[in-house]
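Below is one structure, written out as structure tokens; comments come after it.
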Number of protein chains: 2
Amino acid sequence: MYRAPLEDMRFVIDEVLCIGETLGSLPRFEELGVGEDLTAALLDEGGKLAGEVLAPLRRGADMQPARCEDQKVVISPGYADAIRQLAQGGWFGISADADFGGQGLPELYGTAASEMWNGADMAFALAPILSSGAALAIASHATDELKAIYLEKLHTGEWTGTMNLTESGAGSDLGVMKTRAVPNGDHYLITGQKIYITWGDHDAVDNIVHLVLAKLPDAPEGSSGISLFLVPKFLVNADGSLGERNDVYPVSTEHKLGIHGSPTCVMAFGDQGGAVGYLVGEENRGLTCMFTMMNEARLKVGLQSLGATEGSYQLALAYAKDRVQGGVPIIEHADVKRMLLTMKALSEGMRALAYSEAVTMDLAHYGADAQRSMAQARIDLMIPVIKGWMTEVGVELTSLGVQVHGGMGYVEETGAAQYLRDVRITPIYEGTNGIQAADLVGRKLGRDGGSTMAAVLDMIRADAQDYLSRGGSLEIIGQCLLKAVAQQAESTEVILQMLSSNPEVAGAAAFDYMMQTGFLFGAWQLARGAAVAQAALKAGSDNEFYARKVATATFYAQSILPRCEGYAGSVANAGGALQDYPVGWL
Amino acid sequence: MYRAPLEDMRFVIDEVLCIGETLGSLPRFEELGVGEDLTAALLDEGGKLAGEVLAPLRRGADMQPARCEDQKVVISPGYADAIRQLAQGGWFGISADADFGGQGLPELYGTAASEMWNGADMAFALAPILSSGAALAIASHATDELKAIYLEKLHTGEWTGTMNLTESGAGSDLGVMKTRAVPNGDHYLITGQKIYITWGDHDAVDNIVHLVLAKLPDAPEGSSGISLFLVPKFLVNADGSLGERNDVYPVSTEHKLGIHGSPTCVMAFGDQGGAVGYLVGEENRGLTCMFTMMNEARLKVGLQSLGATEGSYQLALAYAKDRVQGGVPIIEHADVKRMLLTMKALSEGMRALAYSEAVTMDLAHYGADAQRSMAQARIDLMIPVIKGWMTEVGVELTSLGVQVHGGMGYVEETGAAQYLRDVRITPIYEGTNGIQAADLVGRKLGRDGGSTMAAVLDMIRADAQDYLSRGGSLEIIGQCLLKAVAQQAESTEVILQMLSSNPEVAGAAAFDYMMQTGFLFGAWQLARGAAVAQAALKAGSDNEFYARKVATATFYAQSILPRCEGYAGSVANAGGALQDYPVGWL
């Protein structure tokens with residue numbers, strides 16, 4: 001059963017990222033006592049909730065999926081109570097504005113919390129993820145009136161929220177959507193059908209706040225003609241009490257490969273004349289409103305992959321210690337050790353990267369003026385890598401988690417296969433990884449000619465140079481990093497040339513470039529932890545934990561980082577047969 | 001719905017491997033008319049059976065898995081009739097001895113057939129796979145009396161066969177098994193419980209022939225004390241008619257991630273006193289008997305992966321042509337094209353490799369005296385690569401098949417996820433891929449100091465050199481191959497040094513080495529096809545099919561083969577942090 005890896009999490013937050021110094025002194029956080037004590041208290045409390053309340057629900061929810069009956073969704077056993085406990089702990093609004101019932105804490109703590117919920121039960125964790133996404137859209141774009149009515153309830157977890165984007169004919173391309181919004185006094189009447197609506201309905205809370213993309217009658221064609229609306233399940237009276245049932249209902253739930261506990265609904269709006277909706281942001285600017293929440297949402301999907309991988313690792317590790325073959329526990333077998341260490345090193349690399357960029361996000365929002373724009377450019381560059389690379393890696397690692405179990409991994413009752421089934425959605429939703437790769441290359445590199453990437457590579461190079469002089473394993477890590485950063489610079493140059501000469505080739509190379517980038521960034525952040533750990537050991541610490549950190553990062557640098565070379569080769573050749581291949585020949 | 005890729009299969013069999021010349025003239029086959037006409041007839045008939053009879057059963061069997069009721073297994077809808085049709089077509093014994101009801105045809109044709117059954121429905125295809133495995137064990141090691149009774153019925157598909165190896169405490173390590181066999185007149189009485197018995201029971205045929213590993217009362221400890229027994233479901237009278245029900249029953253079926261249609265049984269032997277069993281081979285030589293069938297069985301598992309991947313590709317391709325986003329079918333999107341071409345190129349590489357080594361297997365069995373031992377050494381080297389590499393690649397590619405579908409791929413009714421779930425067993429069973437890697441490195445390289453590998457690399461080098469002079473895409477392919485073969489030689493040298501200095505490091509490096517080897521061998525065999533195709537084009541053919549073959553192999557060489565570099569880097573570093581990492585730190 002999952003236990004939050006508190007020591008690893010605390011190490012990154014306090015010792016590597018030094019949250020007290022980095023974020024604790026910012027005006028937004030200075031009175032909250034952000035620092036080691038708060039980290040410990042939060043992780044402790046969150047870890048208990050994850051391990052004792054959520055994790056025990058994971059297998060049951062897989063076997064008793066959410067289902068739709070008579071226009072209502074019945075959720076899996078124990079979920080309703082778990083949502084209430086999460087709400088009571090203040091976790092729904094951990095990083096949200098204190099003015100509206102949130103805790104006002106750094107995104108870094110919200111990131112740690114999200115890792116824990118996802119480690120315990122990915123399907124359940126989607127409830128708070130979607131809620132905070134909806135709340136963020138309202139906080140960023142809604143009128144004060146709407147904020148006053150809806151925001152606090154979402155932040156406290158009394159209500160939950162959803163995002164309604166996709167239609168059966170409109171997935172990655174939202175411009176062709178058919179859902180309509182017609183002005184009707186102080187509100188709009190929404191009609192249409194949305195699919196893949198995560199946690200679209202349930203009865204664990206009193207109300208659900210749907211954020212819905214729809215088109216106005218006179219809207220321009222395509223994606224610039226889409227507006228965003230708030231559509232509550234129950235209308236809200238002036239005094240805050242609940243009024244009439246709104247005309248929005250779940251039609252069915254999908255039978256999915258995984259995340260069975262998460263109700264993935266087809267939602268019908270306005271079958272009885274029109275669902276009451278309120279405009280959020282300006283007319284026809286709905287996609288822009290959605291874009292402002294995208295970084296947070298995509299970071300969360302990366303965290304899903306991290307959480308599921310950590311859960312998968314813990315299960316595989318316990319099995320490998322217990323299972324005897326050939327007279328020894330299988331963990332002693334060289335190949336089983338390789339699999340487990342690959343899982344461990346990449347999980348820690350993912351965590352190091354995601355947490356580091358949660359800090360970047362906090363700095364982009366709440367840093368000093370001088371910091372903010374640089375931080376925003378960096379997080380914009382990092383997000384497609386975090387979402388794309390971490391979710392690809394998550395699929396690989398949870399599959400290794402199955403493999404460690406041998407035949408037992410293929411039997412569902414072991415629980416190993418569920419991690420793979422659950423995590424398999426993460427490369428798909430919130431923008432497929434193809435879209436992440438295109439975003440990284442076409443937008444994030446393209447818009448500044450690669451200067452943000454170059455700045456990050458400079459930082460990696462400087463760190464690696466520093467490690468060379470530190471001796472021991474750090475020197476090895478530094479060498480590996482220098483080699484990989486040079487390859488990354490070359491691949492980036494190749495991509496930039498493609499972008500100017502033949503953008504379509506860049507698109508063909510984008511995925512491999514994204515993967516190359518992710519493996520490098522993960523190595524870098526893991527190396528930063530190793531540097532902290534080696535310094536502590538040199539200063540006389542006899543804490544084995546530090547020695548482990550150095551060894552894990554060294555393994556990553558020696559055995560995993562070489563993959564970058566393979567990706568670099570594919571990137572360099574993307575202008576060849578891949579580009580030239582006629583699609584009619586597929 | 002799956003359609004056997006007849007044109008691709010025929011190309012490899014007739015034009016690349018030239019079955020008529022290579023095998024048609026061998027004494028075993030010379031009167032059978034092995035050659036292009038027979039290839040066409042067999043593929044046509046098998047393709048119809050796969051596409052029209054088996055493929056329509058795949059989704060239904062997934063949703064209505066085999067189940068055990070009252071000590072009987074009820075199989076999925078339509079399977080019983082499909083088994084009978086396969087039997088009537090003579091497919092169960094396609095490569096088996098004509099003396100005992102088989103067709104006596106090359107393993108290459110059996111390989112092509114197996115690809116088709118697996119492409120249509122992997123769970124179903126396990127029935128003929130296990131039957132032919134059991135038949136092969138009997139043909140190789142049983143007495144003439146047992147052969148006379150059991151072999152023809154297995155070859156004609158009137159009866160099916162199973163392999164009973166694993167026990168709950170004895171998986172990869174069979175030495176500790178508890179099943180016992182006590183002599184009792186002309187037979188033995190078997191008692192014990194076996195798990196993971198594929199197609200362990202069903203009522204589609206009149207009898208089931210179980211091959212069972214068990215220990216004699218006075219057997220030596222460990223794996224040299226295991227004997228092999230034939231245990232029929234129904235005893236067989238002297239006149240060949242069925243007699244009493246034997247004391248072997250299914251206890252339950254597993255709830256698995258995939259291959260739901262294949263009954264994976266717990267089998268109880270001797271609960272009512274002892275199941276009647278007949279010794280196969282010598283006492284205490286059961287594992288040796290099993291080893292003689294291992295190459296065939298592992299080739300078949302590789303074919304499962306190929307078949308499932310081809311099925312997954314066809315489904316994804318159809319979806320990508322049909323699904324419009326942004327005004328064009330998504331197949332026009334650069335990243336979707338990349339995914340589909342990756343699936344196509346690797347599938348064709350897998351096919352080229354597997355078929356090529358089916359020929360090697362035929363030569364090892366039926367070739368001239370001078371050929372046989374070299375062919376045997378080569379197939380022994382190839383088999384762990386085919387099983388290990390092809391099944392790893394199959395998981396990657398069927399996962400891409402899900403990804404091409406976007407959100408629809410995660411919904412089970414699409415059928416894309418089933419390919420991933422089904423194929424996920426292939427890296428596990430018939431020896432986990434960790435065991436394949438250890439076999440490749442520890443046994444196959446170790447036993448001849450790498451000389452067979454060196455001989456294969458010489459062949460690749462010679463082919464690549466030849467391609468350099470042919471110009472066009474072949475020249476590019478030749479360059480890529482030369483680079484990769486040089487890396488392979490280096491990695492092999494590294495591994496051989498490890499084997500002599502520190503075998504455990506070799507074990508840690510084995511998996512990456514196996515993957516490096518597989519990607520190279522696949523590229524080589526695909527290149528051989530491209531060479532044939534380019535020659536045909538130069539000779540004036542205007543068949544677009546040939547141009548496609550060249551382009552696909554070029555893509556593989558440019559965009560996939562660079563992965564070898566990544567694996568080489570990991571192999572070279574395996575003596576570092578991976579080796580040094582204490583397992584207690586995991």
Side-chain angles (χ1 to χ4, degrees), chain A residues 166 171-173 196 254-257 317 325-326 331-338 340-341 344 395 399 402-403 406-407 409-413 417 424-425 427-429 432 434 437-438 504 507-508 510-511 548 551 554-555 558-559 562-563 565-566 569-570 573-574 576-578 581 583 585-586, chain B residues 166 171-173 196 254-257 317 325-326 331-338 340-341 344 395 399 402-403 406-407 409-413 417 424-425 427-429 432 434 437-438 504 507-508 510-511 548 551 554-555 558-559 562-563 565-566 569-570 573-574 576-578 581 583 585-586:
Chain A
T166 307
S172 299
D173 173 21
Y196 300 154
E254 303 291 349
H255 175 215
K256 306 184 300 294
L257 174 61
L317 179 63
Q325 291 271 293
I331 196 172
E332 306 274 352
H333 297 184
D335 193 63
V336 173
K337 179 181 158 190
R338 173 193 65 80
L340 289 167
L341 188 47
K344 181 180 172 66
V395 172
S399 186
V402 171
Q403 189 70 19
Y410 202 67
V411 175
E412 286 285 3
E413 62 191 308
R424 187 62 192 80
I425 186 61
I428 295 174
Y429 63 18
T432 64
E504 211 179 316
F511 181 86
R548 222 153 63 197
T554 311
F555 166 75
Q558 290 189 312
S559 295
R563 296 186 191 190
E565 209 152 341
S570 300
N573 289 338
L578 171 55
Y581 205 93
V583 294
W585 287 6
L586 286 166
Chain B
T166 308
S172 299
D173 175 21
Y196 300 153
E254 304 290 352
H255 176 214
K256 307 186 298 293
L257 174 60
L317 179 63
Q325 291 270 294
I331 197 172
E332 305 276 351
H333 297 183
D335 193 62
V336 173
K337 179 181 158 189
R338 174 193 64 82
L340 289 168
L341 189 48
K344 179 180 173 67
V395 172
S399 186
V402 172
Q403 189 70 19
Y410 202 66
V411 175
E412 287 285 4
E413 63 190 307
R424 188 60 193 80
I425 187 61
I428 295 173
Y429 63 17
T432 64
E504 211 178 315
F511 181 86
R548 219 154 65 199
T554 312
F555 167 75
Q558 290 190 312
S559 294
R563 297 186 190 189
E565 208 153 339
S570 301
N573 288 337
L578 172 55
Y581 204 93
V583 293
W585 287 6
L586 285 167

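Protein chains get the first letters and strands the later ones, always in sequence-line order, with residue 1 at the start of each. What you see below is based on every heavy atom in this structure, not just the backbone, and it leaves out hydrogens, waters and symmetry mates.
- No donor-acceptor pair closer than 3.5 Å links the side chain of A:Glu565 to the backbone N or O of B:Gly569.
- The residue among A:Ile331, A:Leu586, A:Thr554 with the most heavy atom pairs within less than 4.5 Å of chain B is A:Leu586.
- Annotation: maximal heavy-atom pairing with chain A below 4.5 Å, among B:Pro427, B:Gly409, B:Ala417, occurs at B:Pro427.
- Put simply, the side chain of A:Tyr196 reaches to within 4.5 Å of the side chain of B:Val411, judged on heavy atoms.
- Of the atoms belonging to B:Ser399, heavy atoms from both backbone and side chain fall under 4.5 Å from chain A.
- Both the backbone and the side chain of A:Lys256 come within less than 4.5 Å of a heavy atom of chain B.
- Other residues, nucleotides and ligands contribute at most 12 non-hydrogen atoms within 6.0 Å of the CD atom of A:Glu504.
- Contact detail for A:Lys337 and B:Leu578: the closest heavy-atom pair is NZ-O, 2.9 Å.
- Interface remark: B:Glu254 contributes side-chain atoms only to the contact with chain A (heavy atom separation under 4.5 Å).
- For chain A, the nearby parts of B:Ala551 are the backbone and the side chain; heavy atoms of each come within less than 4.5 Å.
- When B:Arg424, B:His333, B:Glu332, B:Lys344 are compared by the number of non-hydrogen pairs under 4.5 Å with chain A, B:Arg424 comes out ahead.
- For A:Leu317, the part sitting under 4.5 Å from any heavy atom of chain B is the side chain, from C-beta outward, and nothing else.
- Within the 4.5 angstrom heavy-atom criterion, atoms from both the backbone and the side chain of B:Val402 approach chain A.
- Interface residue B:Arg563: only backbone heavy atoms are found under 4.5 Å from chain A.
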